[in-house]
Structure formats: structure tokens, C-alpha cells
Amino acid sequence: MTITIGCPELLDGKEGRRVLAAFYGELLGLRAFEPYGWLKLAKRPPDDDYVAGHTTDGGSKLQLALDGDGWSDQRPPRWPDPEYPQQIHLDIFVPDAQAADKLVTSMGAALLADQGDFRTYADPAGHPFCLYPNPVAASEGPVVGRLVFDCFSPRALASFYEGFLGVQKRLEDSPGWVVLDLDDDDLPNLAFQHAQFRAARWPDPAYPAQLHVDYRFPDGFQAAMARAERLGAVHVPVREVTYADPAGHPFCL
């Protein structure tokens with residue numbers, strides 16, 4: 001799974017994707033590498049000797065990619081304004097909430113809301129993310145615990161991803177909030193929350209998708225394409241392997 005975060009070309013006079021790579025790399029303890037020109041972050045061994053532009057993915061199941069794909073200067077995220085939505089965001093589990101707060105704000109994040117059990121921030125480009133205290137994660141540091149999708153019907157969209165990804169278990173299940181257990185310590189669970197917002201119409205910059213997911217399947221992308229279409233995804237005629245789920249979130253295979 002690769003989660004691509006849209007980046008403006010420049011942030012405070014610096015290359016936007018490198019600013020966000022430094023931010024999320026420091027927060028999550030991930031190392032940057034550049035396979036074929038992509039700027040990505042992943043957990044990599046300390047003795048891993050890699051050269052930018054000449055490396056493989058290193059077998060990481062979860063990667064973050066930083067790219068202009070999906071970003072729109074015309075409509076950047078302004079959470080919680082539904083006219084400038086994010087549509088998908090990260091829930092990050094941290095062993096020490098106060099230390100994480102100090103770290104992210106020192107690197108340019110802004111506190112948007114203190115929700116009591118968790119806090120919502122905007123990263124240096126405005127993408128919202130949430131920090132959840134999780135002492136269990138003390139041994140491994142902050143981790144992406146959930147990938148949260150905004151949608152009108154959480155149960156309906158969860159059903160699509162259950163079939164698409166072969167998920168068997170719901171950790172939480174209510175009309176307004178569903179969490180799917182991916183049953184993999186290296187991957188975040190998927191969550192779906194009720195929201196009404198301006199849905200993505202990628203690649204229209206007036207209806208951007210600030211974040212999207214690339215999925216890799218052992219049975220190949222052809223089988224995944226057939227499965228996605230059977231379950232209600234729609235092909236986006238920009239790339240052969242790009243689809244939109246039933247709520248309009250684009251994804252790639």
C-alpha cells in the first residue's frame with residue numbers, strides 16, 4: 001500500500017514534496033528514497049545503503065509518497081470546511097501525545113482542534129491528520145494506525161473495501177463510523193466516517209483528491225481491476241489502472 005499525499009510545488013520557498021517528506025519522515029521514523037524519480041518514505045534497515053534514483057522499495061508494505069499528483073492550488077484543504085475537503089486523512093497513533101504535539105508544531109503543523117481523546121492538526125501544506133495517544137506503540141514509536149475515508153454511508157463504502165481487499169472483520173460498526181481490520185501489523189486499518197462534502201472528481205483541480213492510495217495485489221492488477229469493477233468502482237480515463245471507489249475516492253492498482 002502506498003499512500004500518496006498531494007504537495008504544492010513550493011512551501012515557504014522550498015520544494016513542497018521535500019518539506020512534507022521531512023515532516024512525515026521525522027514524525028513516523030521513515031527514511032526517504034527516490035525510486036524512478038518518485039519521492040517516497042518507508043521503514044528501511046539502518047544499514048541499508050541506497051542511492052536516490054537507484055533503489056527498490058525494500059519490501060515495505062506501507063509507503064508514503066509525496067507528489068504534486070492530486071494537489072490543487074485552486075482548492076487546497078481547509079479542514080473542517082466541506083467546500084475545501086481532504087476526503088481522506090491519517091490517524092497516527094503515538095506513544096506520547098505531548099511529545100508528539102511538541103514535535104509536529106515545531107515542524108510547522110498547526111493545531112486545529114483538541115477533541116479530548118485525540119487532537120487534529122494540519123501539516124505544513126494544510127492536510128489534516130489526527131494524533132491518538134497509544135502507549136502500546138511505545139516500542140515502535142508513532143505509526144499510521146488508520147486511514148480514514150469521508151463518505152456519506154460508511155457501511156456501504158466499507159462493504160466495497162471488504163470485497164475489494166478481502167477483509168473479514170469489522171472492529172467497529174455503526175451507521176456513522178466503521179473500522180475494518182486489515183489484520184496486518186505493517187498496514188493501517190481502514191476507517192469510514194459519515195461526512196457531507198465536495199467529492200473528488202480527479203483530475204479536475206476544482207474537485208481535487210488531496211490524497212489517494214495505490215494498492216498492490218499478489219494476483220496482479222488485472223484481477224484487481226475486474227474485482228473493483230464488479231464491486232462498483234468506476235474507471236477514471238486518465239490511466240489504465242486508475243479507478244474511483246463508489247464514494248469518488250480515486251485509487252490506483
Side-chain angles (χ1 to χ4, degrees), residues 1-9 16-17 20 24 38-41 62-79 82-91 123 125-129 144 146-154 156-165 167 178 180 182 187-217 220-253:
M1 176 187 291
T2 300
I3 302 171
T4 298
I5 301 172
C7 307
E9 185 176 353
R17 64 178 192 151
L20 291 189
Y24 285 104
W38 287 79
L39 180 56
K40 291 186 175 182
L41 300 171
L62 176 66
Q63 302 165 6
L64 298 186
L66 297 309
D67 193 80
D69 193 9
W71 178 265
S72 172
D73 289 328
Q74 181 177 336
R75 196 171 292 276
R78 297 179 187 174
W79 188 89
E83 289 298 307
Y84 292 82
Q86 172 68 16
Q87 298 132 359
I88 304 176
H89 73 269
L90 306 179
D91 280 353
D123 71 16
H127 301 293
F129 65 93
V144 180
R146 286 189 296 257
L147 185 61
V148 184
F149 294 72
D150 289 346
C151 56
F152 185 78
S153 175
L157 191 58
S159 294
F160 168 82
Y161 280 97
E162 283 173 326
F164 180 51
L165 300 175
V167 177
V178 177
L180 300 184
L182 293 194
L187 295 176
N189 289 326
L190 302 188
F192 307 89
Q193 64 180 10
H194 169 70
Q196 297 191 54
F197 58 93
R198 179 186 285 261
R201 299 181 189 176
W202 192 82
D204 186 341
Y207 299 86
Q210 308 286 358
L211 187 155
H212 74 269
V213 184
D214 296 345
Y215 298 96
R216 298 184 293 275
F217 293 92
F221 74 89
Q222 294 286 356
M225 289 167 62
R227 187 164 57 249
E229 292 177 3
R230 184 176 68 252
L231 293 166
V234 176
H235 179 242
V236 178
V238 177
R239 303 187 185 110
E240 179 186 3
V241 295
T242 301
Y243 283 81
D245 69 22
H249 304 292
F251 62 92
C252 297
L253 303 172

**Student:** Hey, what do you get for CD1 (Ile88) to OG1 (Thr4), rounding to the nearest 0.5 Å?
**Tutor:** 10.5 Å
**Student:** Which atom pair, heavy atoms only, marks the closest approach of Pro208 to Ala206?
**Tutor:** CD-C, 3.4 Å
**Student:** How close do Phe192 and Cys151 get, counting heavy atoms only, and between which atoms?
**Tutor:** CB-SG, 4.0 Å
**Student:** Determine whether Leu147 and Leu90 satisfy the following criterion, side-chain contact (heavy atoms from CB on, under 4.5 Å), listing intermediate values before the conclusion.
**Tutor:** CA-CA 5 Å; Leu147 185 61; Leu90 306 179; 3.7 Å; yes
**Student:** Provide the closest heavy-atom pair for Leu231 versus Gly163 in the form atom of the first, atom of the second, distance.
**Tutor:** CD1-C, 3.4 Å
**Student:** Output the distance between atom CG (Asp123) and atom CG (Leu20), rounded to the nearest 0.5 Å.
**Tutor:** 5.0 Å
**Student:** How would you list, by chain and number, every residue that makes a side chain to side chain donor-acceptor pair (under 3.5 Å) with Gln193, sequence neighbours excluded?
**Tutor:** Asp150
**Student:** Quick check for you: to the nearest 0.5 Å, what is the distance between Phe152 atom CZ and Phe197 atom CZ?
**Tutor:** 11.0 Å
**Student:** Enter the distance from Asp214:CG to Leu253:CG here, rounded to the nearest 0.5 Å.
**Tutor:** 8.5 Å
**Student:** For the atom pair CZ (Phe149) and NE2 (His89), what is the distance rounded to the nearest 0.5 Å?
**Tutor:** 11.0 Å
**Student:** Give the minimum heavy-atom separation between Gln210 and Arg75, together with the two atoms involved.
**Tutor:** NE2-O, 2.9 Å
**Student:** To the nearest 0.5 Å, what is the distance between NE2 (His212) and CG (Asp69)?
**Tutor:** 5.0 Å
**Student:** Taking C-beta and beyond as the side chain, do Leu190 and Val167 meet within less than 4.5 Å on heavy atoms?
**Tutor:** no
**Student:** Return yes if some donor-acceptor pair links the side-chain N/O of His127 with the main-chain N/O of Cys7 below 3.5 Å, else return no.
**Tutor:** no
**Student:** Begin with the C-alpha distance, continue with both residues' side-chain angles, and end with the deciding distance and a verdict on side-chain contact (heavy atoms from CB on, under 4.5 Å) for Trp38 and Thr2.
**Tutor:** CA-CA 12 Å; Trp38 287 79; Thr2 300; over 6 Å; no
**Student:** State, to 0.1 Å, how close Ala209 and Gln87 come at their nearest heavy-atom pair, and which atoms those are.
**Tutor:** CA-OE1, 3.5 Å
**Student:** How about Phe251 and Phe164: are their ring centroids closer than 6.0 Å?
**Tutor:** yes
**Student:** Between Arg78 and Gly126 (side chain of the first, backbone of the second, donor and acceptor by atom type, cut-off under 3.5 Å), is there such a pair?
**Tutor:** no
**Student:** Could you walk me through whether Trp71 and Ile5 pass the side-chain contact (heavy atoms from CB on, under 4.5 Å) test, one step at a time?
**Tutor:** CA-CA 8 Å; Trp71 178 265; Ile5 301 172; over 6 Å; no
**Student:** Quiz question: by atom type and distance under 3.5 Å, do the side chains of Glu229 and His235 form a donor-acceptor pair?
**Tutor:** no
**Student:** I'd like to know whether CD of Glu9 has more than 12 heavy-atom contacts from other residues, nucleotides or ligands below 6.0 angstrom.
**Tutor:** no
**Student:** Quick one: side chain to side chain donor-acceptor pair (under 3.5 Å) partners of Asn189, sequence neighbours excluded?
**Tutor:** none
**Student:** What are the two closest heavy atoms between Asp67 and Arg17, and how far apart are they?
**Tutor:** N-CB, 4.4 Å
